[in-house]
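In listed order, ligands and their atoms are each counted from 1. Owing to the predicted nature of the structure, the values given are computational and were not obtained by experimental measurement.
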Amino acid sequence: MIIVLRHDISPDQKEETRHFLQNHGYKVREIVGEQDTIFGAVGLVQMDFREVELLPGVDRVIPISKPYKLASRELKKEDTIVSIGSVRIGGGRIAVISGPCAVESRQQMREAAAAVREAGGVLLRGGAFKPRTSPYSFQGLGEAGLQILREAGDEFGLPVVSEIVGTEYVEICRDYLDVLQIGARNMQNFELLKRVGELKKPVILKRGLSATIEEWLMAAEYLMAHGTDDVILCERGIRTFETYTRNTLDLSAIPVIKKLSHLPIIVDPSHGTGIRGKVAPMALAAVAAGADGLMVEMHPHPEEALSDGPQSLFPDQLERLMRDIEAIAPVVEKELERIPNGISSSLKVSGKEVKKSPEQQEGNRRFSGEVAFQGMQGAFSETAVHRFFGEDCQAVPCETFAEVFKHVLNGKVKYGALPIENSLAGTVHEVLDLLLRYPDIIVVGEEKIRIIHSLMAVAGSSLESLKKVYSHPQGLAQCSRFFEEHLEIEREPFFDTAGAVAHIAEMRDPALGAIAGREAAKVYGVDVLREGIENNPRNYTRFFIIARLETPPIYSPNMAALMFSTLDKPGALFSVLKVLAENGLNMKKLESRPIQGKPWNYMFFVAVDLPEKREIFDKTIEEIKGTAGDVRVLGTYYNHGG
Ligand code: PEP
Ligand code: MN
């Protein structure tokens with residue numbers, strides 16, 4: 001049952017409630033949600049709910065209708081986010097786990113780890129105990145394999161996961177691994193589930209070869225009832241009559257699980273299909289269907305693999321897949337989970353000491369300080385802040401773009417997030433102008449989010465009752481088709497999308513609506529009447545993450561932004577672009593801006609792909625200095641997928 005606690009419950013009352021339930025034979029789990037704090041109580045006993053409801057501090061008791069309790073969405077509305085060091089699985093992110101089927105040698109795992117890190121994977125896999133169909137197949141290296149996996153993970157800054165095949169391995173798996181995997185063949189090995197649950201470590205629970213979704217969730221329940229909260233479900237294909245593929249990957253399990261459970265679900269397209277060429281299409285389909293991550297087999301030399309070579313990707317195929325996932329991620333309103341810059345992938349060959357950013361020195365965690373953005377709480381910019389820095393950072397609202405710059409400059413916040421370009425409306429010129437005005441501010445990151453406009457109004461309102469809708473002029477313009485279909489609704493410009501929502505929440509008038517991002521409805525407690533009413537679904541905004549000079553880029557940069565003025569002579573712009581071309585720098589954007597106070601003089605803003613060799617970039621800048629007026633590198637940053 002779910003015991004919803006009163007907001008004014010005292011700590012003593014809470015403890016008394018907990019003891020009362022435990023004394024009646026229940027296991028009690030406290031879950032702090034956005035709205036309420038609840039106790040989830042599960043046990044074999046049957047008791048009259050009314051006895052619990054009478055306790056002081058208890059608001060109400062709700063029975064859970066499903067046989068799985070702790071795993072059920074009824075118990076916990078919010079998505080569970082599993083933390084593995086700095087890596088998170090669940091929520092608005094896609095985590096890619098990769099590595100070979102089996103650990104074969106130290107050299108193989110080092111190469112594999114380097115490739116996973118290079119491609120942008122966040123967890124390294126490798127089987128040490130292989131449950132093979134034939135006793136004559138390679139069985140894995142056992143404990144030596146776990147040791148090799150651990151070393152490779154540590155060297156490349158990747159947490160590690162491997163399969164546990166029996167209760168006798170609980171201790172060694174606990175000691176070597178960050179995440180334990182329960183394989184498909186062991187999904188209903190209940191003794192193993194109990195022992196692994198007791199470790200309270202994150203677990204990847206694969207779906208059994210012929211398990212129903214309910215049986216799978218019951219297996220998760222075993223793990224959770226015995227101690228761990230951190231279960232990641234993994235769809236890996238089920239047995240059907242089809243023989244062309246190794247299994248039939250059941251992607252419909254993703255939305256089904258999303259409805260039934262709060263647990264994250266990832267997909268293994270490698271075992272799901274058994275065929276290398278089928279891995280990427282199914283991986284992309286899984287992402288499009290809402291998977292929280294992927295587990296993909298990749299081998300540095302698949303043709304030499306001791307197991308599952310035919311389904312293992314080559315390293316460059318993994319890299320390609322990652323790029324495609326990055327392109328899809330904003331469409332499903334997700335961000336590819338990445339390990340922040342610092343323990344760089346260049347460790348792999350050079351072995352050189354890599355300078356770590358302060359976040360890495362503090363244990364490689366996501367930034368949990370303050371980040372300034374323009375707008376009110378619930379604005380798209382705030383979504384961008386959290387998409388980039390994770391849930392733990394504090395987004396600080398500012399009235400103007402200039403205020404964001406000032407907060408960063410005077411150290412009130414370390415970072416700021418500013419929209420730089422919208423795919424439909426173009427460049428946000430004010431931000432470019434501010435970058436020009438503040439030479440002590442640089443760009444250290446970039447985030448792209450999809451702009452989905454929702455129509456909202458106070459509870460009890462409906463589309464029919466609406467007379468006037470507020471939003472930022474851009475928001476209104478981007479939803480013009482909706483208004484053409486609803487001529488009776490008047491459009492009213494407002495300074496800010498989230499501000500418009502705050503306004504209608506305050507007015508409490510069912511005739512008033514607002515257009516903003518869904519987040520704002522949560523923040524101001526209004527209802528979403530229609531989602532996705534923008535004319536064009538391919539509506540994205542890119543944000544720059546800014547910081548003070550000398551701040552290192554947050555992820556390994558692959559782009560650079562610069563600004564320059566040209567001399568007043570024929571071919572001046574051409575001479576600068578020529579330097580870029582001659583040095584092989586691919587230009588992604590060119591924009592001109594008038595220089596304040598110098599009528600008819602212009603600054604040019606350019607974004608280029610950062611060459612792999614940093615010296616080439618530095619040399620190019622020196623050469624540009626010889627032919628342009630002022631030149632400034634605005635920063636280098638990581639751009640994912642255009
Ligand atoms: C594996 O991931 O190594 C594995 C054996 O998968 P499954 O249990 O899904 O067959
Ligand atoms: Mn395998």
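- Listed by chain and number, the protein atoms of type N/O/S under 2.8 Å from the Mn ion (ligand 2) are Cys101 SG, His271 NE2, Glu297 OE2, Asp308 OD2; waters are omitted.
- Listed by chain and residue number, the protein contacts of ligand 1 are Arg125, Lys130, Glu163, Gln181, Gly183, Ala184, Arg185, Lys206, Arg236, His271 (heavy atom within 4.0 angstrom).
- With ring centers used as reference points, Phe389 lies under 6.0 Å from Tyr415.
- Under the 4.0 Å criterion applied to side-chain N and carboxylate O atoms, Asp250 and Arg207 are assigned as salt-bridge partners.
- Here His24 pairs with Phe20 under the ring pair (Phe, Tyr, Trp, His ring centres under 6.0 Å) rule; sequence neighbours left out.
- Residues passing the side-chain contact (heavy atoms from CB on, under 4.5 Å) test with Arg18, sequence neighbours excluded: Glu15, Gln22, Val28, Glu30, Phe39.
- Salt bridge status for Asp268 with Lys206: present, with a side-chain N to carboxylate O gap under 4.0 Å.
- Ring centroids of Tyr222 and Tyr68 are separated by 6.0 Å or more, keeping the two rings apart.
- A donor atom on one side chain and an acceptor atom on the other are found under 3.5 Å apart for Glu111 and Gln107.
- Arg93 has no carboxylate O lying under 4.0 Å from a charged side-chain N of Asp79, or vice versa, which leaves the two without a salt bridge.
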(message) ring pair (Phe, Tyr, Trp, His ring centres under 6.0 Å), that's the test. Do Tyr169 and Tyr176 meet it? Break it down for me.
(response) CA-CA 11 Å; Tyr169 304 114; Tyr176 284 110; over 10 Å; no
